[in-house]
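Reading through the structure tokens given below for one structure.
We use all heavy atoms of the structure for the numbers below, so side chains are in, but hydrogens, waters and symmetry mates are not. Chain A is the first sequence line, chain B the second, and so forth, proteins listed ahead of strands; every chain is numbered from 1. Keep in mind that what you see is a predicted model, and the values were worked out from it rather than measured.
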Amino acid sequence: MGIQGLLPFLKKASREANLREFRHYTAAVDAYCWLHKGAFSCADKLVRGEPTNGYVMYVMKQVNLLLNNDIKPILVFDGCNLPSKALTETKRREIRERNRKRAKDLLRQGKTREAKECFQRCVDITSEMAAEVINACRARNIDIIVAPYEADAQLAYLNLSGIAQLVITEDSDLVLFGCKAILFKMDNNGGCVLVEQEKLHHSMNVPRDKFSFDKFRNMCILSGCDYLPSLHGIGLAKACKFFSVISNPDIHSVLCKLPSYLKMPQLEVTQEYRDGFIKARNTFLYQLVFDPIDRILRPLNDYPDGNEAEDFPYAGKFIGHKQALQIALGNVNVQTGEIVNHFSPDTSKVFDFLIFLHYALCFALYECWIY
DNA sequence: CGGTCGTCCACAT
DNA sequence: TGGACGACCG
């Protein structure tokens, strides 16, 4: 869902752009977006379990678009569900199941067009589908990373650590995770919308030196995000108005002043809401991600002094560096925990070296034979 | 004015 | 599914 209406709100921080402008950049790509769009072309087959590679073709077409613009893609896939999202997931599964039955009924009645629409509404992106795309990427030497938890946080880490200078997604949450440069709405011609963190102050109508990213994050959470539904009648505009007046950094006490500051006396800010707010903020700050350079599981941002992973259980369980590496490589089915692959970047390098050696020897022998 | 709720659209041909 | 866009409500 992301943040309701965030992209229109960020109009002053955005501009039209084209992939042409980003030659020789590395881009971290939200693979789920492409998987989902690609699944539309073959929704009926996917739901009925018939074999299709339509979605793989689509993703590879998009990958080619980047390659043709001399952009190096890193495809980032979703990993395990955060505990806080488990409820949402089961609800979605139920809705999909209902749609699937309706689609089958429509099909039996011969209403093909309506059935197709229904199929499109219940496509589920499975880890098997992600695995197909991962295999296609491997075959073409395209880098992939499966996030330990949400792809969003992983994409942000790749951007913040400088591994990728760009993030490509359709999900406005990425702004909130702290990304520096994001491309939204990429089309077949490479056209897209660029949102830069440097320009966020324009949207909030404050000069650059008065802008605080903490306030921006708080504003978005208050307006309603995936981790915390909004209070009734509060959207981005009200949240922006509120946080532009507030300077006290203590969120707990600040939230109590919400009804009087916004002149909404009917508004009730419960203890539960305030706790939820802190948890949502910490999930954006400290969600666990995989560091592909040092091959460790770590929080998106460093923990405050004296804190550790156990203090933020809702931001991901600490599953250990080795398990995180196996997940990141795509060797684990994150929905079942089953080992599906034994890919290792190190043995693959050894393998590449052996191939190199083989050709070098052949060449040497050939040279000897000539003379 | 700003917030909410509904409808349409994506893919690819 | 989720975002965009237009219509209605406080």
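For A/K317, the salt bridge (Lys or Arg N to Asp or Glu O under 4.0 Å) criterion is met by no residue, not counting sequence neighbours. Remark: A/R217 engages A/D214 in a side-chain hydrogen bond (donor to acceptor under 3.5 Å, both in side chains) (not counting sequence neighbours). For the salt bridge (Lys or Arg N to Asp or Glu O under 4.0 Å) test, no residue two or more places apart in sequence or in another chain qualifies with A/D275. Listed by chain and residue number, nothing satisfies the salt bridge (Lys or Arg N to Asp or Glu O under 4.0 Å) test with A/R274 (two or more places apart in sequence, or in another chain). For A/D311, there are no salt bridge (Lys or Arg N to Asp or Glu O under 4.0 Å) partners two or more places apart in sequence or in a different chain. For A/T26, there are no side-chain hydrogen bond (donor to acceptor under 3.5 Å, both in side chains) partners at least two apart in sequence or on another chain.
For the pair A/K11 and A/Q120, both in contact range of DNA chain C, the more 5′-proximal nearest nucleotide belongs to A/Q120.
Identified under the salt bridge (Lys or Arg N to Asp or Glu O under 4.0 Å) test for residues 188-197 of chain A, with sequence neighbours left out: A/E196-A/K199. For residues 44-53 of chain A, the set of pairs meeting the side-chain hydrogen bond (donor to acceptor under 3.5 Å, both in side chains) definition, not counting sequence neighbours, is empty.
A donor-acceptor contact under 3.5 angstrom links the side chains of A/N282 and A/Y314, judged on distance only.
Residue-environment remark: CD (A/E198) stays at or below the threshold of 12 foreign heavy atoms within 6.0 Å.
Aromatic rings of A/F290 and A/Y157 (six-membered ring for Trp) have centroids beyond the 6.0 Å cut-off, not under it. Within the 6.0 Å centre-distance limit, the rings of A/F216 and A/F213 are counted as a close aromatic pair.
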Under-3.5 Å N/O pairs linking protein and nucleotides 6-10 of chain C:
none

N/O to N/O distances under 3.5 Å, protein versus nucleotides 2-9 of chain B:
from	atom 1	to	atom 2	distance (Å)
B/dG3	OP1	A/G235	N	3.2
B/dG3	OP1	A/K238	N	2.9
B/dT4	OP1	A/G233	N	3.1

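Atom pair A/L7:CG and C/dG2:P shows a separation of 15 Å (rounding to whole Å applied). For the pair A/E170 CD and C/dA4 P, the interatomic distance rounds to 9 Å; values are reported in whole Å. The interatomic distance linking A/K37 (NZ) with B/dA10 (C1') rounds to 7 Å, in whole Å. Going from atom CG of A/L35 over to atom C1' of C/dG2 covers 16 Å, rounded to whole Å.
A/R298 and A/D302 are joined by a salt bridge, as a carboxylate oxygen and a charged side-chain nitrogen come within less than 4.0 angstrom of each other.
Contacts with DNA chain B (heavy atom under 4.0 Å) in residues 42-63 of chain A: A/Y58, A/K61, listed by number. Listed by residue number, the members of residues 180-198 of chain A with any heavy atom below 4.0 angstrom from DNA chain B form an empty set.
Using a 4.0 Å heavy-atom distance criterion, A/I125 is classed as making no nucleic acid contact.
Nearest to the side chain of A/D171, among B/dC11, C/dT1, C/dG3, sits C/dG3.
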